[in-house]
Amino acid sequence: MRQIIENLVSGIIKQLQDEGILPSGELPEYKVERPRDESHGDFATNAALVLSRFAKMKPRDLADKMLSALPANQKEVDRWEVAGPGFINFHIAPDRIRQLIPDILKAKQNYGTSKVGAGKRILVEFVSANPTGPMHVGHGRGAVMGDAIASVLQVTGHKVEREYYINDAGNQVGVLGWSVMLRYFELYNRSITMPEGCYPAQYVVDIAKALKEQDGDKWLSVELDMTSSPPAQVVDFAMDMIMGWIRNELATVNIHFDNWFSERTLHADGKIEATIEQLTAKGLIYEGVLAPPKGKLPDDWEARPQLLFKSTQFGDAEDRALKKSDGSATYFAADIAYHFEKAGRGFDLLIDVWGADHGGYVKRVQAALTALTDKKNLLEVELVQMVNLVRGGEPVKMSKRDGTFVTLAEVVEEVGSDAVRFIFLTRSGGAPLDFDLELAVSKSNDNPVYYVQYAHARIHAVYRQLAEKGLSVSLGDGKGDLSCLTQDAEMSLIRLLGTYPEMLEGAALHREPHRVPYYLIDLASAFHTYYNSHRILDDDVVLLGARLSLINAVRQVLANGLTLLGVTAPEKM
RNA sequence: GCGCUCGUAGCUCAAUCGGAUAGAGCAACGGCCUUCUAAGCCGUAGGUUACAGGUUCGAUUCCUGUCGAGCGCACCA
C-alpha cells in the first residue's frame, strides 16, 4: 500500500518539475510514512517541508500546489489534506483497506513476507557458548535474540544460515578436562582440592560419574599435572556431553542451527597460520611490544615482544597480539581465521550476536576482516546486554566459578519456552534486562505472551461456537461482502493488519526483533477492544461473515507473528 | 584515564534510519461478566525525555560538553 502513495507523490513531484515550479535534477530525499496518529490518515509525506526551499515557497503553499496536481483518475486515495507545518496526509479509500482481509486470508502463513532482502546471503552466528558448562540465562537471551534476528531476515527475503562457533580449543578446554579428572578421582575416594580457576560445579561431577560408568578405573593412573594437557579422550568425552546438553537446551527453546563450526578444525587445517600469512603479505604483521594496559595492571604483567596485527590502521585503539607467550595462537588469531573462513563462503553479510562483555572486541575483528577482504562492512556485530537475574526483587548472584549460576534449562523448566522467548524478545538488545524469576514463574498476566496467545485462542473459541451453531466455517473466508465493516474499531483493526509487513521490514533492517512482540501486543489489544464491544456472531449473516473474516485475518497475523518468534499459537487456553 | 552500550511516568520498557499532542504494561483509584473465553474491556491519574549548549521548518532521536549507570581495557575466551 505504501507503494501506491510513493508512486503518487513521486509522480506529482515530477509534474511540478516539468512545470518549472520545482527545479529539475536531484532533489533531497523526502519520506512517505505512517503517521503516529490515526487521524492524520494512512500515510503522510513530508515532501513539501523538505522541498519548500527549492520551490521558494512556504511549505504549506507548496503542499497545496502538490495536491492540485494529484491525478483525477486515481481511486486509492479518497481524502487528503495539508496539516501541521506542511505535511500532506492521505486517507486510503475504505474499500481498498478492506481488501486486505481477503489478501491476508489468501496469503495465509506467507502474509507479511517480502522480498526486500533480494536473496542477500547472510550468516548469523550466535550463542557460541563455550563447551565448558551448561548455558546460563545470559546465553539464553543472546540465543533467542540471534534466532529472532535470523528469522526476521528470513521472512524479508534474505537467505540466512544460523551458525554456532564451538570454542573447543584453548586453555579452558584443558581446565575442563582437569576439573573432570579431579571429580573422577574423588569418585574413587581420593581427597582432592579444586584449584583456583577450575570448574567445581555439580555438572562436572555428573560428567565424572558418566566417565566412570563408561570407562571404569581406566583413568585412575593418570598423573595429575595441571601444566600439561589432560587425556584427550576425557576432554572429548566432557565436551561431547556438554554440547549434547547445549543442543538439548537450545531445542527446548526452539532454536536449531544449520552449522556447527569447530574452532579445532581451524588449527588442524592450518587456517590460522594461513590467515596470518595473508596479513603478513599485506605488511600488517610485526613483532613489537605493547604498552601496559590502562586499567588495573595484572600482577604478572611484563613487557615482552609479541606478534602483532596493525589493527590501529583500521580504527582500533591498539595493535593486537596473535601469538601467546608460549607461541600458540591467541583466541583472536583463531577468530580472525574463522571470520575469514566465513567470508570465503561467499556471504554478503556476516552478523555476529555477542554478549556486551565482548564489546571491546568488535573493532579488532572488523579491522582484521577488512584488512583481509578489503570490504568495509562485511561484519556487523549486534551486542546484547547482560541479563540480571532477580528473584522477588533480590539479585541472584551468578558465577561459573562457584557454580551458583542458574541454567537456561532450569528457567525454561519453570517458566516455559514461550514465556522465556517472549520476555527476552520484548526488549531491545541494547538495554540490560532484569529477569525476575518470581514474576516469570507466576503465570500472571504480567507476562505479555499470554495476552497475545489469549487473543489467538479467543478467535478459535468463536469458530468453535460457530460450529456448535451449525454454521459453516467458510463464512469467514473473506470472499463475502465486507462493506458492512464500517465501525472505527473495525477499520483500525484492518489498518493495523496492513502495517504488519512494514513492521517486519523495519525489524529486519534495524536488527530489532523486539518490534515484532510489540506489534503483536498492539494487535492483540486492538482485537480485545473490538471483541468486547462488538458481537461477532451476529444474526445478520452478511455482517457475521464479514466479522468472521476480519477476525480470521487477525488470527492469521497473530499466528504468523508468534510462529516467527518461535512461540506457540494455542487454539485453546 | 580510554572505548563501547545506555539514561524516557513511581517500576519495567516502547516511540517507524529527524516528524505533528512522547505511548503501553505493572502498581494506584473508579466502572463492565444471564449473551462468542473477565488470562479480557472502559475510564482517571501519572513527564522540563539526566543536565547545558549546538545543527533546522521541527530533536527522545544527530553533534559537543557535563553528570550518572553497566560492560570492557597484554598473553584468557
Side-chain angles (χ1 to χ4, degrees), chain A residues 31 33-37 40 44 46 49-50 52-53 58-59 83-87 89 130 132 167 169-173 175 197 263 289-298 300-304 306 316-318 320-321 323-326 328 330-332 334-335 355-363 383 385-386 388 426-434 436 439 443-448 450-451 453-455 457-466 468-469 499 502-503 505-507 509-510 512 514-515 518 521-522 524-525 527-533 535-538 551 572-573:
Chain A
K31 285 191 305 190
E33 61 190 357
R34 296 270 185 184
R36 215 172 298 201
D37 188 332
H40 293 143
N46 63 349
L49 289 164
V50 175
S52 62
R53 250 188 307 156
K58 287 181 189 163
F87 289 101
N89 297 336
N130 285 345
T132 53
N167 299 129
N171 288 343
Q172 83 278 6
V173 167
V175 173
E263 183 187 347
V289 180
L290 286 174
K294 294 286 190 286
K296 57 173 190 229
L297 205 59
D300 57 348
W301 187 86
E302 59 182 59
R304 72 163 66 92
Q306 288 174 298
D316 198 6
E318 304 274 353
R320 305 294 175 178
K323 291 282 175 77
K324 298 183 210 169
S325 48
D326 66 0
S328 62
T330 60
Y331 176 77
F332 177 51
D335 220 15
D357 54 341
H358 289 61
Y361 201 73
V362 175
K363 273 187 186 165
L383 294 179
Q385 292 292 325
M386 303 283 96
N388 301 311
T426 312
R427 217 129 273 166
S428 77
L433 163 63
D434 286 330
D436 195 316
L439 210 75
K443 280 203 164 176
S444 73
N445 51 358
D446 295 349
N447 198 329
Y450 298 117
Y451 183 80
Q453 289 180 322
Y454 184 58
R458 255 185 162 178
I459 295 170
H460 276 274
V462 174
Y463 270 80
R464 283 193 293 273
Q465 281 288 321
L466 190 70
E468 276 178 31
K469 293 193 173 190
T499 65
E502 297 162 24
M503 180 279 299
E505 286 175 25
L509 178 68
H510 299 283
E512 291 180 349
H514 72 271
R515 295 184 187 203
Y518 274 100
I521 290 167
D522 274 354
S525 171
F527 167 74
H528 285 310
T529 297
Y530 176 59
Y531 178 92
N532 261 273
S533 54
R535 198 167 163 74
I536 312 295
L537 300 175
D538 195 273
I551 66 167
K572 219 177 213 176
M573 286 176 79

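Not measured: the values here are computed from a predicted model. Every chain is numbered from 1, with letters handed out A, B, ... down the list of sequences.
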Is the phosphate of [N] approached by [X] (side-chain N or O, under 4.0 Å from OP1 or OP2)?
X: His514(A); N: A15(B); result: yes
X: Lys572(A); N: A39(B); result: no
X: Arg34(A); N: U16(B); result: no
X: Ser428(A); N: A14(B); result: yes
X: Arg458(A); N: A38(B); result: yes
X: Tyr451(A); N: C41(B); result: yes
X: Lys323(A); N: C75(B); result: no
X: His510(A); N: C17(B); result: yes

Using atom [atom1] of each nucleotide, how far apart are [N] and [M] to the nearest Å?
N: U44(B); M: U60(B); atom1: P; value: 25 Å
N: A20(B); M: U16(B); atom1: C1'; value: 14 Å
N: U49(B); M: A9(B); atom1: C1'; value: 10 Å

What distance separates [X] [atom1] from [Y] [atom2], expressed to the nearest 0.5 Å?
X: Asn171(A); Y: Thr132(A); atom1: CG; atom2: OG1; value: 12.0 Å
X: His460(A); Y: Met573(A); atom1: NE2; atom2: CE; value: 12.5 Å
X: Ile536(A); Y: Leu466(A); atom1: CD1; atom2: CG; value: 11.0 Å
X: Gln385(A); Y: Arg427(A); atom1: CD; atom2: CZ; value: 13.5 Å
X: Asn46(A); Y: Glu33(A); atom1: CG; atom2: CD; value: 6.0 Å
X: Thr330(A); Y: Arg320(A); atom1: OG1; atom2: CZ; value: 11.0 Å

Base, sugar-phosphate alone, or nothing: which one does [X] contact when heavy atoms must sit under 4.0 Å apart?
X: Leu290(A); result: sugar-phosphate
X: Asp316(A); result: nothing
X: Pro432(A); result: sugar-phosphate
X: Glu318(A); result: nothing
X: Asp300(A); result: base
X: Ala303(A); result: nothing
X: Ala455(A); result: nothing
X: Ala291(A); result: nothing
X: Gly170(A); result: sugar-phosphate

Taking only nitrogen or oxygen atoms into account, show me every contact under 3.5 Å that the protein makes with nucleotides 2-5 of chain B, one pair per line with its distance.
| residue | atom | partner | partner atom | Å |
| --- | --- | --- | --- | --- |
| U5(B) | O2' | Gln385(A) | NE2 | 3.0 |
| U5(B) | O2' | Gly430(A) | O | 2.9 |

Between [options], which nucleotide gets closest to the side-chain atoms of [X]?
X: Tyr450(A); options: U37(B), U16(B), A39(B); value: A39(B)
X: Tyr454(A); options: C36(B), A38(B), C76(B); value: A38(B)
X: Thr529(A); options: C76(B), A74(B), C41(B); value: C41(B)
X: Glu33(A); options: G19(B), C13(B), A77(B); value: G19(B)
X: Arg535(A); options: U35(B), G40(B), A74(B); value: U35(B)
X: Lys31(A); options: C42(B), A15(B), G18(B); value: G18(B)
X: Thr330(A); options: C73(B), C57(B), C75(B); value: C75(B)

In whole angstrom, what separates [X]'s [atom1] from [N]'s [atom2]?
X: Asp326(A); N: C76(B); atom1: CG; atom2: C1'; value: 12 Å
X: Asp434(A); N: U12(B); atom1: CG; atom2: P; value: 7 Å
X: Arg36(A); N: A22(B); atom1: CZ; atom2: C1'; value: 7 Å
X: Phe527(A); N: U37(B); atom1: CZ; atom2: P; value: 10 Å
X: Ile459(A); N: G40(B); atom1: CD1; atom2: P; value: 15 Å
X: Arg515(A); N: A15(B); atom1: CZ; atom2: P; value: 7 Å
X: Glu502(A); N: C17(B); atom1: CD; atom2: P; value: 12 Å
X: Glu263(A); N: C76(B); atom1: CD; atom2: P; value: 11 Å

[X] to [Y] - nearest heavy-atom pair and separation:
X: Trp301(A); Y: Ala291(A); result: CZ2-C, 4.3 Å
X: Ser525(A); Y: Tyr451(A); result: CA-OH, 3.0 Å
X: Ala356(A); Y: Met386(A); result: N-CE, 3.6 Å

Discussion item. Using only atom types and a distance under 3.5 Å, with no angle test, would you say the side chain of Glu263(A) pairs donor to acceptor with the backbone of Gly170(A)?
Written reply: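 No, because the side chain of Glu263(A) does not come within donor-acceptor range (under 3.5 Å) of the backbone of Gly170(A).
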Practice prompt. Could you tell me whether a side-chain N or O of Ser328(A) sits under 3.5 Å from a main-chain N or O of Lys324(A), the two making a donor and an acceptor?
Written response: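 Side chain of Ser328(A) to backbone of Lys324(A): no pair is present.
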Worksheet item: Is the count of non-hydrogen atoms from other residues, nucleotides or ligands lying under 6.0 Å from Arg464(A) atom CZ greater than 12?
Response: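 Buried by this count: over 12 neighbours within 6.0 Å.
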Fill in: Syn/anti state for C33(B) [syn: chi within 90° of 0]
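Judged by the O4'-C1' to base torsion, C33(B) sits in syn, the angle falling within 90° of 0.
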Discussion item. Please compare Tyr531(A) and Phe332(A) by the position of their nearest nucleotide in RNA chain B and report the one closer to 5'.
Written reply: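 It is Tyr531(A) whose nearest nucleotide is closer to the 5' end.
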Worksheet item: Want to settle it: does His40(A) or Tyr530(A) sit nearer the 5' end of RNA chain B, counting the closest nucleotide to each?
Response: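 Per heavy-atom nearest nucleotide, the more 5' residue is His40(A).
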Worksheet item: Do we see Tyr361(A) stacking on the base of G72(B), given a limit of 5.5 Å between centres and 30° between planes?
Response: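 No; centroid distance or tilt outside limits.
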Worksheet entry | Phe332(A) and Tyr361(A) aromatic ring geometry - parallel, tilted or perpendicular at 30°/60° bounds |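 Perpendicular.
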Discussion item. Below 30° counts as parallel, above 60° as perpendicular, anything between as tilted: where do the rings of Phe527(A) and Tyr531(A) land?
Written reply: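 Tilted: the ring planes of Phe527(A) and Tyr531(A) meet at 30° to 60°.
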At less than 3.5 Å, do the side-chain atoms of [X] and the base atoms of [N] form a donor-acceptor pair?
X: Asp522(A); N: A14(B); value: no
X: Arg304(A); N: A74(B); value: yes
X: Asn46(A); N: G19(B); value: yes

Discussion item. So that I can compare with my own list, what are the stems of RNA chain B, taken as at least three consecutive Watson-Crick or G-U pairs with distances under 3.5 Å?
Written reply: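 RNA chain B stems, ordered by first number: B:1-7 with B:67-73, B:10-13 with B:23-26, B:28-32 with B:40-44, B:50-54 with B:62-66.
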